[in-house]
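Here's the structure we're looking at; comments come further down.
Since the model is a prediction, treat every value here as computed from it, not as a measurement.
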Amino acid sequence: MDQTKTFKDDNHEEEGLITLNGMYKEYFLDYASYVILERAVPDIDDGLKPVQRRILHSMKEMDDGRYHKVANIIGQTMQYHPHGDAAIGDALVNLGQKDLLIDCQGNWGDVRTGDSAAAPRYIEARLTKFALEVLFNPQTTDWQLTYDGRKKEPITLPVKFPLVLSQGVEGIAVGLSTKILPHNFIELIKASIKILEGKKVAIFPDFETGGMIDVAEYNDGARGGRVKIRAKIQQVDKSTLNIVELPYGVTTNSLIESILKANDKGQIKIKKVSDNTAKDVEIQLELMPGVSPDVTIDALYAFTECEVSYSPNACVIVDNKPMFLSVSEILRISTLQTKELLRRELEIKKGELEEKWHNASLEKIFIENRIYRDIEECESFEAVITTIDQGLKKYVATPSDPLKKGDNRLLLMRDITEEDITRLTEIKIKRISKYNKFKADESMAQILADLDQVKHDLEHLTEYAIRYFQNLLEKYGKGRERKTVISSFENIEIKEVVANNAKLYVDRKEGFVGMGMKKDEFVSDCSDIADIIAFTRDGKFKVVRIADKVFVGKDIIHTAVWLKSDERTTYNMIYLDGKSGKAFAKRFNVNAITRDKEYDLTQGSKGSKVLYFTVNPNGESEVVNIQLTQSCSAKKKTFDFDFAELAIKGRSSQGNLVTKYPVRKVSQVSVGRSSLGAMQIYMDEVSGRLNQDSRGKYLGAFDTGTKMISLYKDGTYEINELDLTKKFDVNNILEIGQFKEDTVISALYYEGDKGASMIKRFRVETSTIDQKFSFLPDTNGTKLYYVSLAKEPVVSYTYNAGKTKETREVNLADFIDVKGWKAMGNKLTDAKIIKVEPVKTSEEESPAIPDIESVPEDETETPPVKTEIKKTESPKAEKPGKPGDNKGYKPGDTIEFDF
């Protein structure tokens, strides 16, 4: 089209010339508006993009109850959609894979594996019963001409369901994008009912692929929110993991590729990856020998697509404008839209019933009063119309001719029109001769009953809408239960879960550390992103990021991997002050630091040096023997010093005076208990992770060497060392707590061979750590009812006694003495127990949660803790080994110097 316009710029104005400035003003804005409104963003009224709406409209026009070739559907849709068959085909497959509106037949691909659908000529589709019931009603649909003006298409479909929230949507337009995550079908309907009842609602995403989701930052689906989604990983045994559910938007192929990349980088250690996906997802991971499955699971979440995050951005078209809303607001608008559509449908039905009753009433009067006989002598059609009209007025009243007092005429709902009379003249003689007054009265009564019901529904529209949603839930809700578990994810510290893919070496004399110094002394395995702490003999330390070779200071006395989150590692040190010649002792932690900055642990005097240094992972104290030089004037030249008498202070503290005389030698006498006190351990009952953050079930106070015991549903127990990285299977654990030598396990179980319910009590007699042992007989049908670590557990049990059910209580400690762990125990009853519940008693002991004092900050002093010293022979520290001989200092080693 030839257009002549005038555009202005800063310099001049020209007639008939379209400048670049004008093109941006006109064309780009038109293009942006078109993409937003006609391609990328769904409409709030039906939750559909234009291409989706045209596909569904075409399928409705083609609908005859049978399947249609997808190629045929695409061709039909091209009458309405101007963008070619490829765009239509992709949108159709996408709709079909969501398994809500389209009934698919053939190979439609698999969202789990990323496999594409077969060619359109090979697959078929038809609308589901749900789509036919919810999406279409020509009487409540607004229409417009198609792009070529040949046909009409719906502006929006009269959808009576929150479709955009159920299916989810993603689209990128010009200057904006939309991303609405799919939600659960059943939960959306229940939430709509709550909105109609005036209650508040909260809805969260749900995905066909299952998995787990953390919605703590969902922000109601509005801009600025974020969700984290994880795969479901099962531990088969200590060397095998199975991924059985995928995060949303992740395929098995992309997930395996991300695992292999992480393995190549050394972030995880996987021996073999097998894709066994068929009906259900199963990616099997075989771990390298000695690799912790719990740490590997965390590493998979940290470094692979086993965990993904999405930022929802709910943008929809409202009154031809894009608007950013929350999912609750979208659901509220959709629910009220459904209510309004139901009102319109009822109004239409009411008009149809009124019209039907009006016509039936005229027909009844026309036939029963034989008005048709009055037209026999009429010579024209106009005379026939007039005669019938006068004849009807004798028997009916209308709004324009109302009833009068004593009037027995039938009152019609509207005036009689010429069309009504014409319809009467078209009644055939055969129908008049077979007219049944009883059936006619019965039919009219039913019409009036239906009309009364419609009027009642209109007066109680909210209740009617609630019944509508309840009917949808009853008809289509089966099999649409939530598949994605809503959970809370703990933050994973990458440095704590990354696999040890490097080795730390040290050149103590020259003062270098790194992972490329393979000819020097080996210290430990580490990761290539680890931070390394190094202490030198002059009383200084530095934390550096590991590299091939890094200088930290000459004469290194200790180096190791440093973890910022480690709040319990305590350093015990005795140093000589170069200025005064006195020896000072101090205990300190290293928490907050600046990387690559050198810190001085002495008083900064020239000639200061470390006399004694140990690393204690759990804040252990110790007793050391100090020998002074023979030439000094001290009367007592040998004495013991107890570090337990020192408070743990900041790293820059001076420390306490040990002696003012010259020191010849310091040696360790014994190691005491932790000065930090026992760790208060909890288990997160959602993730199964141990923690010290008071999150979840309290397990007790764990000191150095304290073990824990877990009791499982399958009748096994397991003893473990305390490991904060370990993750327990909360779905299978019945009891978990501290393990002591006198711990008694009480169990109530059903013995399959004897067919009796038994009670047994026993102490753990095995010594193997990290291995499960079964305490139930290996017989068919044997089942664990109840197990406890309590001293005197009492349970209430219910069993079938003939035709009745009986409930009793039993104190397991009174019922049977402690026996061997393989003993069967004593019989409680021959009946099979159907219910067991623990009974709390006043004597029942539960672990008391002590008041935990806050950990002192840097530069503050903690009160000294009296430590019981167990005298043992002093272990000698290993001397620095030759390059590559694996002899180095580790946490807990003692470093001694002779002077």
Donor-acceptor pair, side chain of [X] and main chain of [Y], under 3.5 angstrom:
X	Y	answer
Asp237	Ser239	yes
Asp642	Ala644	yes
Ser710	Ile736	no
Asn589	Thr569	yes

- Just do the side chain to side chain contact (heavy atoms under 4.5 Å, CB included) check on Asn263 and Val273 with the steps written out, would you? CA-CA 10 Å; Asn263 190 60; Val273 181; over 6 Å; no

- Query: In Å, rounded to the nearest 0.5 Å, how long is the span from OG1 of Thr296 to CG of Leu241?
  - Reply: 6.5 Å

- Item | Separation between CZ of Arg537 and CD1 of Ile556, rounded to the nearest 0.5 Å | 14.0 Å

- Message: Looking at Arg595 and Asp531, is any side-chain nitrogen of the basic one under 4.0 Å from a carboxylate oxygen of the acidic one?
- Response: yes

- Query: Got a salt bridge between Lys772 and Glu718, using NZ or NE/NH1/NH2 to carboxylate O under 4.0 Å?
  - Reply: no

- Given the rule in the side chain to side chain contact (heavy atoms under 4.5 Å, CB included) test, do Ile626 and Asp640 qualify, once you have shown the distances and angles that lead to the verdict? CA-CA 6 Å; Ile626 299 176; Asp640 288 346; over 6 Å; no

- Message: Here's a test for you: under ring pair (Phe, Tyr, Trp, His ring centres under 6.0 Å), which of Trp562, Tyr599, Phe541, Phe588 qualifies with Tyr571?
- Response: Phe588

Who passes salt bridge (charged side-chain N to carboxylate O under 4.0 Å, His left out) against [X], sequence neighbours left out?
X	answer
Lys261	Glu257
Glu217	Arg226
Asp600	Lys540
Lys697	Glu735

Which pair of non-hydrogen atoms, one from [X] and one from [Y], has the smallest distance, and what is that distance?
X	Y	result
Gln603	Gln654	NE2-CG, 3.3 Å
Tyr698	Ala701	OH-N, 3.5 Å
Ala530	Cys526	CB-CB, 4.4 Å

Counterpart residues, side chain to side chain donor-acceptor pair (under 3.5 Å), relative to [X] (two or more places apart):
X	result
Gln627	Arg664
Gln738	none
Thr706	none
Lys503	Asp525

My understanding is that only residues two or more places apart in sequence, or in another chain, count here; which of them pass ring pair (Phe, Tyr, Trp, His ring centres under 6.0 Å) with [X]?
X	value
Phe639	none
Phe728	none
Phe584	Tyr575

- Task: With Lys707 as the cation and Phe739 as the aromatic partner, state whether NZ or CZ is under 6.0 Å from the six-membered ring centre and within 45° of the axis.
- Result: no

- Query: Does NZ or CZ of Lys265 fall inside the cone over Phe303's six-membered ring, less than 6.0 Å from its centre and within 45° of the axis?
  - Reply: no

Going by atom types alone, do [X] and [Y] pair a side-chain donor with an acceptor below 3.5 Å?
X	Y	value
Thr536	Asp538	yes
Thr614	Glu622	yes
Ser488	Asp214	no

- Message: Ring-plane angle category for Tyr717 and Phe775, please: parallel below 30°, perpendicular beyond 60°, tilted otherwise.
- Response: parallel

- Do the side chains of Asp294 and Gln235 get nearer than 4.5 Å, heavy atoms only? yes

- Message: The criterion is side chain to side chain contact (heavy atoms under 4.5 Å, CB included); which residues satisfy it with Leu576, sequence neighbours excluded?
- Response: Lys609, Leu611

- So does Lys582 have more than 12 non-hydrogen atoms from other groups sitting under 6.0 Å from NZ? no

- Message: Does Glu765, at its CD atom, have more than 12 non-hydrogen atoms belonging to other residues, nucleotides or ligands within less than 6.0 Å?
- Response: yes

- Message: Before you tell me yes or no, could you show the steps for Tyr301 and Phe489 under ring-ring contact (aromatic ring centres under 6.0 Å, His included), namely the whole-Å CA-CA distance, both residues' side-chain angles and the distance that decides it to 0.1 Å?
- Response: CA-CA 10 Å; Tyr301 290 141; Phe489 301 160; 7.2 Å; no

- Message: Run the side chain to side chain contact (heavy atoms under 4.5 Å, CB included) test on Leu722 and Leu690 for me, step by step, so that the C-alpha distance in whole Å, both residues' side-chain angles and the decisive distance to 0.1 Å come before the verdict.
- Response: CA-CA 9 Å; Leu722 178 63; Leu690 300 181; 4.0 Å; yes

- Verify side chain to side chain contact (heavy atoms under 4.5 Å, CB included) between Trp821 and Thr766, making sure each step is shown before the conclusion. CA-CA 9 Å; Trp821 73 291; Thr766 57; 3.9 Å; yes

